[in-house]
Amino acid sequence: MLPQKQAEEAMVSSFNLTEHDEREEEKTDEPGVGLKNLLWHGGSVYDAWFSCASNQVAQVLLTLPYSFSQMGMLSGVILQVFYGLLGSWTAYLISVLYVEYRSRKEKENVNFKNHVIQWFEVLDGLLGPYWKAVGLAFNCTFLLFGSVIQLIACASNIYYIDDHLDKRTWTYIFGACCATTVFIPSFHNYRIWSFLGLGMTTYTAWYLTIGALVHGQVEGVKHSGPKELVLYFTGATNILYTFGGHAVTVLKFLGPCFYREIMHAMWKPQKFKYIYLLATLYVFTLTLPSAIAMYWAYGDQLLTHSNAFALLPRTGWRNAAVILMLIHQFITFGFACTPLYFVWEKVIGMHDTKSIFLRALVRLPVVIPIWFLAIIFPFFGPINSAVGALLVSFTVYIIPSLAHMLTFRSASARQNAAEKPPCFLPSWTAMYAVNAFIVVWVLVVGFGFGGWASVSNFIKQVDTFGLFAKCYQCPPRNPAAKAH
């Protein structure tokens, strides 16, 4: 067994050969290729950081103030930091498992030159086919409902620019718009979208912060949270969902060449290990100030306004934030759906079809259920918490922690591990204890209490607004304004 450093260097060397070959193929004398590579072809650790940071938060920025009103200021801040660190740790575990899987396969002379390692392959190779099946089931379900949430968010946001149409009608419209993603073969490169996505979320977060501070506290503002256990754990699972953002980067390995720069960085594991933590630290600068400022300004009003845009005055600044979030959500919808397209194509034997129109046609059975679910359950905010408790808790926290514990349960596996425990936790026993704590905590608090609370709150929304709600949490229409 190679020592840890030699193993990593061997993998880096193997990757560099692949990267060199790919770059040779991409070389051309055509003018503008430099600009194309700058904007389109990613691969560095900086691209990995941009991808992690831009995908960790999107529409959830708008629901975190709602979570603060459910939990109170102190709990909101503490749990953001707590789940941010937990998310960074499980992202680290995922990178370790990738390295271990690749190291073992390379000993068997497996060549990864033209192969992108997928997360379910790691589970299959390290733990067997049952783990692969469980991983695929949770991953696909998460991506399905992640797409539903993006579509709901589009309708919820655009309503605050143009309220002449109700949110259900906007869902019809944006469903049709998002259905055009069936014509996109794949997202081979992501550099430009990473830059733009991070800029969009940064603008929106600081607009919420500054807008709330400039507006000041509303008259008679109250900060009474937490009032009920159901609301408290519902808010907590929304935060758990927020910092399960590496699900949105890692789980997209279901499709070939997804998040190529993340994979490149994983092939340089000594660099990737801390990228997600650095991305999380940046995300804290977006989520904490915006949620704190909004809750300070509007207090308990947020309990009935899960979308922060609903309380801020209509201005050009707000309209710009709404438009940027709409673009970001459309892109995120595409990235969440495309792996599902690939899985469905492989199931029906159409993945190798060259015709774009034929592939678009066979992909429609994936988009239509997403569209339908968004119309049935338009509960922006509560649905995030339900997905966080029932899906993200397993996909992002429990499965990676358990997989790491089982992969290195034997003394020989620990002795021959390609990646040893980190310097700040240099003991296998300590790593086992941390992983066991995460499994128990998320299983009891996230899935148990969080599942009970989020499902209870979800049922309450159904009872209050009904299925196929025409305009969820819309203010009463002003007849004079309507006539105008």
Could you tell me which non-hydrogen atom of [X] sits nearest to which non-hydrogen atom of [Y], and how far apart they are?
| X | Y | result |
| --- | --- | --- |
| L208 | A308 | CD2-CB, 4.0 Å |
| S385 | T237 | CB-OG1, 3.3 Å |
| S454 | A389 | OG-CB, 3.6 Å |
| R314 | N319 | CG-OD1, 4.2 Å |
| S393 | F447 | OG-CB, 3.9 Å |
| N238 | S67 | ND2-OG, 2.7 Å |

Quick check against the 3.5 Å criterion: does [X] have a side-chain atom that pairs as donor or acceptor with the backbone of [Y]?
| X | Y | answer |
| --- | --- | --- |
| R363 | F183 | no |
| T204 | M200 | yes |
| T338 | G334 | yes |
| T169 | L165 | no |
| D163 | Y159 | no |
| Y397 | L240 | yes |
| W131 | G125 | no |

Exercise for the section: Examine F138 together with F394 and report whether their ring centres are nearer than 6.0 Å. Expected result: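 For F138 and F394, the ring centres are under 6.0 Å apart.
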Practice task
Step through it carefully: locate the ring centre of F380, locate the ring centre of F309, and say whether they are under 6.0 Å apart.
Solution key: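 Aromatic pair excluded; centres sit 6.0 Å or further apart.
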Between [Y] and [X], is there a side-chain donor-acceptor contact under 3.5 Å, judged purely by atom types and distance?
| X | Y | value |
| --- | --- | --- |
| Y341 | T181 | yes |
| Q70 | Y66 | yes |
| T209 | S290 | no |
| N307 | Q59 | no |

What do you reckon, is [atom1] of [X] surrounded by more than 12 foreign heavy atoms closer than 6.0 Å?
| X | atom1 | answer |
| --- | --- | --- |
| W344 | CH2 | no |
| I356 | CD1 | no |
| F468 | CZ | yes |

Practice task
Apply side-chain hydrogen bond (donor to acceptor under 3.5 Å, both in side chains) to W89 and N435, showing your working.
Solution key: CA-CA 9 Å; W89 176 256; N435 290 340; 2.9 Å; yes
Problem - Interatomic distance, I331 atom CD1 to L326 atom CG [nearest 0.5 angstrom] - result: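 With rounding to 0.5 Å, CD1 (I331) is 11.0 Å from CG (L326).
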Problem - Aromatic plane relationship, Y472 with F465 - under 30° parallel, 30 to 60° tilted, over 60° perpendicular - result: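 F465 and Y472: perpendicular rings.
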Practice task
Look at the rings of F377 and F379 and say which category their plane angle falls in: under 30° parallel, 30 to 60° tilted, over 60° perpendicular.
Solution key: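 If you compare the ring of F377 with that of F379, the planes turn out tilted.
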Handout entry: E100/R104 salt bridge by N-O under 4.0 Å criterion
Key =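 E100 and R104: salt-bridged.
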